[in-house]
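Structure first, then comments.
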Amino acid sequence: MKGTYLGEFEEVVLLAVAIRSGDAYGAAVVNEIEQQMGRSVNLGAVHSALNRLQEKGLVSSEMGGMTAERGGRRKRLYTVTAYGRRVLEEVRQLRNQMWNAIPGFN
Amino acid sequence: MPNKPPRLATRLLHWLCPPHLAEELEGDLDELFQQRICEAGLRQAQWRYLRDVISLVPLALAQRNTDTVFSQNPTNTIMIRNYLKIAVRNLVRAKGFAFINIAGLAVGMTAAALIGLWIQSEQTYDRFYPKTDRIYQVYNRDTFSGETQAWETTPRPLAPYLAAHYPDIEAAARYRPTSFLFTTAGKHLNADGAFADPSFLTLFDFPFVAGTVQTALREPTGIVLTKSLATRLFGTAEAIGKTVQLDHTDSFLVTGVLDDLPDNSRFSKVEYLLPYAYFIAQGRGSDEWSSNNDYSFVLLKPNASASAVDAKIKAVTARQLNGILDDVSHRQIFLHPASRWHLYAKQENGQLVAGQIVTVRLFAVIAALILLVAAVNFVNLSTARSEKRAKEIGVRKVAGALRSSLIFQFLCESVLLAVVAGVVTLGLLLCCLPVFNEITGKHLSPGFGSWTFWLIAFAFVLFTGLLAGSYPALYLANFQPIRIMKGTFRPAQSAFSPRKGLVVLQFTFAIVLIIGTLVIRQQISYARERDNGYNQNNLLFSYLNGNLSSHVTALQQDLIKSGAAVSVSQSMGPMTEINTRQWGLSWQGSTKADKDLEFDRFGTDAHFLQTTGTKLAAGRELDVYRYPTDSNAVMLNETAVKTMRLSQPLGATIRFLSQDWHVVGVVKDFIFASPYEAVNPVIVSGPNKSVVLNWTSIRLNPERPVAGNLETIEAVFKKYEPSYPFDFAFADESYKAKFAAEQRIGVLTGLFSGLTIFITCLGLFGLAAYTAQQRTKEIGIRKALGASVGSIIQLLSVQFLKLMLIAFLIGAPIGWYTLDQWLAGYAYRIAIGPGIIVLTLAVATLIVMATVSSQAIKAALINPVNALRSE
């Protein structure tokens, strides 16, 4: 994994940011995860995961414009960086490799 | 937005997060919230919102440290530093006012702290045993001729019976106080202690220095000593295995040594415990259910409810006494919890009601009021001097200070002052405690070593600071900057300003206390000067120990012959106490109800009048040596003659103790018990077989020095009974001891009214000084126009006298009513006459004049040129 350890939840959040690409902010990520996985997550957990991902350089963020739906409050929009995308692919590759190694599973 | 998220959660978020983060997070939260209302309902949405906010806390805290730019912390501390600096400058600038404020607060806090310590000690009485909440004392209750009474002595078989028959009762112990002469290798001393069952030690868990609960009191020849008695007897606390002899008869092996029992235990005077089994083996006491002489203590099981047990055991004694007593329908026993033994032990109509707790509450109120009076000083002085601070407040407000930050500033100032006063208080407390302990007869100590003390002290200081500072802070923070800056500002000068009201409040309290002090003093001296009908000087009483009682006649003759005594007689006990009570009397013309009348009984052989100094009203006195039939004769006091409605007392026959007694004389009333009570009917009976006269009363020879007399008497006593020390009590000393409780209240009231007056005067002095200073110009003009010094003094003092008069009109009725209630507890009491009220007014006026006039005179004497030139 080349020094970047990606936790299970971090991976989920990173995937959600990738899915919502262009409109990935805290609440949207929460919604995405809840829909995909069918379980409830805390906003705090998502935000701290996003923070960690940003520190690791897997996502980048910028403040978006004001919208009426949030009472004029701005939102922080996250995008997956190139490095983040590569890490996701590596994870997937590793998984596939291991799946393939299971005897009699094809 | 129709539905709002939980306010508290949002506020928490804003409080924790730097603003930029809060914006983004709140946006997310809000969006999810609205969405969830549609999906899962409002309840669920609110719940999730709260959970989300809580889950954000660690994130927010982590962000806080990195983004200090947005935090308001540093500015806060900068402002606090500024507040403190200004506060100190203000204190230093007006040293006089600072002194008055600090002194007043410190004295008030000291008084409150002393009372607080006293209350704390009262409230811990008997509440510190490890099983306190399960320990109860068994009381008796019955109704006699319509009057229900409760008393604490119970039959001997009761405790074992309760323990054996009621599973809710874990253990029960009998207890009976006693006194013995202790002898060890050449040492004799008298000590008070008690007989007790072994379970007594497991009930109360008194800590052992040596020995164990399991072995102590099990053997009938073992004794448990306290550490101090062991040290007095053997010179060391290691007394286990040593022997002591009691009353020169039986020897006991020391099987346990207890730590000295704490002051705030009802057993604090107990110095040793003897096995109850020994008491029974001696053939003393009685197993009858009708004889109530023992104390019974019970320990309930942890989950047993006292009221349920109460209901179950209620009729135990009544069942046992059925057929023995005429009427057992009202006979009951009930449980009295250990936590109430000290404060709720006053017997009233068969119920145990608030006793000592009334005094405790009274002093709590006094403490609160003294503190309030001290706080009022601060309030008055700071609001009066508010003009001095007006500019500062104006500038601060213009520079953007919020009302809340000004309030905070002034609270800081008052708390700072309270802290300084608190330090002074600590010093005062150390100085006053020994004196206070002497007055109250306690061993109070604040426990400087424990952190709870410092915690409480800190809370107390903070409380005082807020109490004193909150009104001035609100008052000052409300000033309007525009009026201050324009110069049209005038602090409140309405007809009724709160400041005047507060001064009236202070005076009212002081006046109530002055009335209290005067009334209590007068009541004590009234009772002390009450003619007690006998001569207390040179009268002493001694118990006839050992062989003395069999040599009484020879002893009496020797005492007279030696010249140390002028008159000696035998008696049932010292005359300063009730010896015994007698009821069930009948005489010619008595009714059935008269059988319930209680008489106080004394006994004598002869020379009663000469020895005690009582006076004969009619007939002759008892003298068994001259009239042998006087063994069955009695003398009555005048009250007894009145109560019995005897028109011809002499020669009448009275029947009690199943025999006839004839009346030979009437003695004038004398007061032996409480000087506050009405005189009871008294019978002085001759030495019939049923009467044991084991005391002797001795009238010393007044011609000779007392010390010499005592030496001579001791020698005579030793001649007949060398093995006992000569113990005696003087009548006048025993009598004086009866005033101790009232004396104590008198001294304390005097002390606290003195303190209150002192604090009030400090405040008044400050106000007077300030007014005089304010009116310097006015006084100068008046003087220039020809006003006399007298009229100026009048000008400055009259306003304060007016306030005092208003306070007097409020305080005098309150004081009168309160003290009248207090006096109602005494049968022999003064009436609060106009004298006391007038005296109070005079004292209050004098105090006000003394305080105010120095300032008024100073202001009046200033040369008007100096006053007017300054511009």
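Note on naming: letters A, B, ... go to the chains in the order of the sequence lines (proteins, then strands), and numbering restarts at 1 for each one. These numbers were taken from a predicted model, which means no experiment stands behind them.
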Among A/A27, A/S40, A/A45, A/A28, residue most engaged with chain B (heavy-atom pairs, under 4.5 Å):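 Maximum pair count with chain B is reached by A/A27.
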Does a side-chain heavy-atom distance below 4.5 Å link [X] with [Y]?
X     : Y     : result
B/L32 : A/N31 : yes
B/E24 : A/Y25 : no
B/S55 : A/H47 : no

SB check A/E34 B/R36 (cutoff 4.0 Å):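 Salt bridge flag = yes for B/R36 with A/E34.
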For [X], does the [atom1] atom have more than 12 heavy-atom neighbours from other residues, nucleotides or ligands under 6.0 Å away?
X      : atom1 : result
B/F458 : CZ    : no
B/Q120 : CD    : no
B/F460 : CZ    : yes

Heavy-atom proximity to chain A below 4.5 Å, by part of B/Q35: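 Contact with chain A: side chain only.
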Interface moiety of A/V41 toward chain B, non-hydrogen atoms closer than 4.5 Å: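 Just its backbone gets close to chain B.
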Straight-line distance of B/I54 CD1 to A/L43 CG, nearest 0.5 Å: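 Reported value, rounded in 0.5 Å steps: 13.0 Å.
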